[in-house]
Undergrad: 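Provided herewith is a single structure, encoded as structure tokens, for subsequent inquiry.
Below, chains carry the letters A, B, ... as their sequence lines are ordered, and counting in each starts from 1. Treat the numbers as computed from the prediction; the structure is a model and nothing was measured.
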Amino acid sequence: MTVAKELIGKTLVRLEYGVFSQMPVRLSGIIVETEAYGHTNDRASHAYKGVTSRNRPMFGDVGRTYIYFIYGSHFCMNISAHSDRVKAGAVLIRAIEPCEGVDVMRRLRSSKNIYGLTSGPGKICQAMNINDSLNSLDVTDPRSEIHIEFDKEITKKNVTTTERIGIRYAAKKKWRFVCGI
DNA sequence: CTACCGATTATCT
DNA sequence: GATAATCGGTAGT
């Protein structure tokens, strides 16, 4: 949960190797919306019922990507994070503000309007060509295909906490973080 | 092996 | 604002 708050305003970078060109492409955006997911204390978390083949990254080292497939056609990206006391946890990246490689992202999403290009968990993964083969990457390593730039934090405005979206159980937890720009 | 369910999005009206 | 599409994980037979 602390990490979810700290990730707001950081830059998410995706190094894409030749989707449309032979040259590596750099895609990035500022994280503006996150949600924290816990362990046995959080019924809405994938980790609630213990370790499975899917949620394994949530139990491993912190700062790793945890990507999963949902609703038959969408990927969601999380970053594993938990304190030493808790065995598992992750932060769902819900929305980013596109920064570099906007035209590539638009082509990847085959979308006309640049508004709402990355305003949802599934949209981000589509726009950045993220799939489950990119699981368990170290986001603290600048060479990773997916990583976070911690030194470029923007000035945050209007950071608010609300209840998480699409959750029926444990809806009381205000673990969603949003910010304006 | 089968049934059920979901941390979503696009496409209608 | 409402709804269908659609795949894999999980639990139960």
Undergrad: Name every donor-acceptor pair, under 3.5 Å, that has one atom in a side chain of residues 22-34 of chain A and the other anywhere in the protein, sequence neighbours excluded.
TA:
{"residue": "A:Arg26", "atom": "NE", "partner": "A:Glu100", "partner atom": "OE1", "Å": "2.9"}
{"residue": "A:Arg26", "atom": "NE", "partner": "A:Glu100", "partner atom": "OE2", "Å": "3.0"}
{"residue": "A:Arg26", "atom": "NH2", "partner": "A:Glu100", "partner atom": "OE2", "Å": "3.2"}
{"residue": "A:Arg26", "atom": "NH2", "partner": "A:Glu149", "partner atom": "OE2", "Å": "3.1"}
{"residue": "A:Ser28", "atom": "OG", "partner": "A:Glu100", "partner atom": "N", "Å": "3.3"}
{"residue": "A:Ser28", "atom": "OG", "partner": "A:Glu100", "partner atom": "OE2", "Å": "2.8"}
{"residue": "A:Glu33", "atom": "OE2", "partner": "A:Arg94", "partner atom": "NE", "Å": "2.9"}
{"residue": "A:Glu33", "atom": "OE2", "partner": "A:Arg176", "partner atom": "NE", "Å": "2.8"}
{"residue": "A:Glu33", "atom": "OE2", "partner": "A:Arg176", "partner atom": "NH2", "Å": "2.9"}
{"residue": "A:Thr34", "atom": "OG1", "partner": "A:Ala4", "partner atom": "O", "Å": "3.0"}

Undergrad: Listed by chain and number, what are the ring pair (Phe, Tyr, Trp, His ring centres under 6.0 Å) partners of A:His39, not counting sequence neighbours?
TA: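 In terms of ring pair (Phe, Tyr, Trp, His ring centres under 6.0 Å), with neighbours along the sequence ignored, A:His39 is linked to A:Phe59.
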
Undergrad: According to side chain to side chain donor-acceptor pair (under 3.5 Å), who are the partners of A:Asn55, at least two apart in sequence or on a separate chain?
TA: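 So A:Asn55 forms a side chain to side chain donor-acceptor pair (under 3.5 Å) with A:Thr52.
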
Undergrad: Listing time: all N or O pairs from protein to nucleotides 3-9 of chain C that are below 3.5 Å?
TA:
{"residue": "C:dT6", "atom": "O2", "partner": "A:Tyr71", "partner atom": "O", "Å": "2.8"}
{"residue": "C:dC7", "atom": "O4'", "partner": "A:Gly72", "partner atom": "O", "Å": "3.3"}

Undergrad: If you look only at pairs with a residue in residues 122-142 of chain A, which of them pass as a salt bridge (Lys or Arg N to Asp or Glu O under 4.0 Å), with sequence neighbours excluded?
TA: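 Counting only pairs at least two positions apart or across chains, the salt bridge (Lys or Arg N to Asp or Glu O under 4.0 Å) contacts touching residues 122-142 of chain A are A:Asp141-A:Arg143.
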
Undergrad: For A:Gln126, give me all partners under side-chain contact (heavy atoms from CB on, under 4.5 Å), at least two apart in sequence or on another chain.
TA: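 With neighbours one apart ignored, the set is A:Arg109.
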
Undergrad: Does anything in residues 45-59 of chain A pair up under salt bridge (Lys or Arg N to Asp or Glu O under 4.0 Å), and if so which pairs, sequence neighbours excluded?
TA: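 Qualifying pairs: none.
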
Undergrad: Under 4.0 Å, heavy atom to any atom of DNA chain C: which of residues 118-140 of chain A qualify?
TA: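 Nucleic-acid contacts, sorted: none.
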
Undergrad: Could you list who else is in A:Leu15's hydrophobic cluster, with ILVMFWY side chains joined at under 4.5 Å, directly or through other members?
TA: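 Direct or chained contacts put A:Leu15 with A:Val13, A:Tyr17.
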
Undergrad: Evaluate the criterion side chain to side chain contact (heavy atoms under 4.5 Å, CB included) for residue pair A:Met105 and A:Asn129; output intermediate values, then yes/no.
TA: CA-CA 8 Å; A:Met105 293 195 270; A:Asn129 198 24; over 6 Å; no

Undergrad: Under a 3.5 Å cutoff on both atom distances, Watson-Crick or G-U, what's the dot-bracket for DNA chain C ([ ] crossing, | other strand)?
TA: |||||.||||||.

Undergrad: Considering only residues two or more places apart or on different chains, which pairs with a residue in residues 62-75 of chain A satisfy salt bridge (Lys or Arg N to Asp or Glu O under 4.0 Å)?
TA: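 Every pair satisfying salt bridge (Lys or Arg N to Asp or Glu O under 4.0 Å) with a residue in residues 62-75 of chain A: A:Asp61-A:Arg64.
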
Undergrad: Return each pair, listed once, that meets side-chain hydrogen bond (donor to acceptor under 3.5 Å, both in side chains) where at least one residue sits in residues 65-86 of chain A; pairs must be two or more places apart or across chains.
TA: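 Residue pairs with at least one partner in residues 65-86 of chain A: A:His46-A:Tyr66.
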
